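One structure is given here, and the rest of the page talks about it.
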Amino acid sequence: MTVHYTVWQSLDRVVRMFVIIIELVIIILILSLVIGVWIISQLSKRLNQP
């Protein structure tokens, strides 16, 4: 005699959490890129002054 169990679970919450994490990573990446470019431009202006 063999007993088989099937468990169904909704993954909507897990998928939504991954989407939120990916969105946050993209936002942080864009912000760090913009801030990094601004800092590099300020530093290059300061270094190129006579």
Side-chain angles (χ1 to χ4, degrees):
M1 184 173 149
T2 306
V3 179
H4 294 284
Y5 293 101
T6 304
V7 178
W8 293 91
Q9 184 177 0
S10 175
L11 295 176
D12 290 337
R13 289 176 39 195
V14 176
V15 170
R16 182 67 187 145
M17 184 175 57
F18 280 128
V19 169
I20 290 172
I21 290 172
I22 290 171
E23 288 172 350
L24 285 174
V25 167
I26 290 172
I27 290 170
I28 291 170
L29 179 68
I30 290 171
L31 283 175
S32 62
L33 181 66
V34 169
I35 292 171
V37 167
W38 180 76
I39 289 174
I40 290 171
S41 68
Q42 295 296 317
L43 183 62
S44 66
K45 286 179 188 176
R46 199 177 288 171
L47 290 175
N48 287 327
Q49 289 178 351

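The shown structure was predicted, so the numbers you read here are calculated from the model rather than taken from an experiment. All residue numbers in this chain count up from 1 along the given sequence.
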pair Asp12-Arg16: side-chain heavy atoms closer than 4.5 Å: no

ILVMFWY network linking Ile30 to Ile22, side-chain heavy atoms under 4.5 angstrom: yes

Donor-acceptor pairs under 3.5 angstrom involving side-chain atoms of residues 34-50: please list them, not counting sequence neighbours.
unit_1: Ser41; atom_1: OG; unit_2: Val37; atom_2: O; d: 3.4
unit_1: Ser41; atom_1: OG; unit_2: Trp38; atom_2: O; d: 2.8
unit_1: Ser44; atom_1: OG; unit_2: Ile40; atom_2: O; d: 3.3
unit_1: Ser44; atom_1: OG; unit_2: Ser41; atom_2: O; d: 2.9
unit_1: Asn48; atom_1: ND2; unit_2: Ser44; atom_2: O; d: 3.0

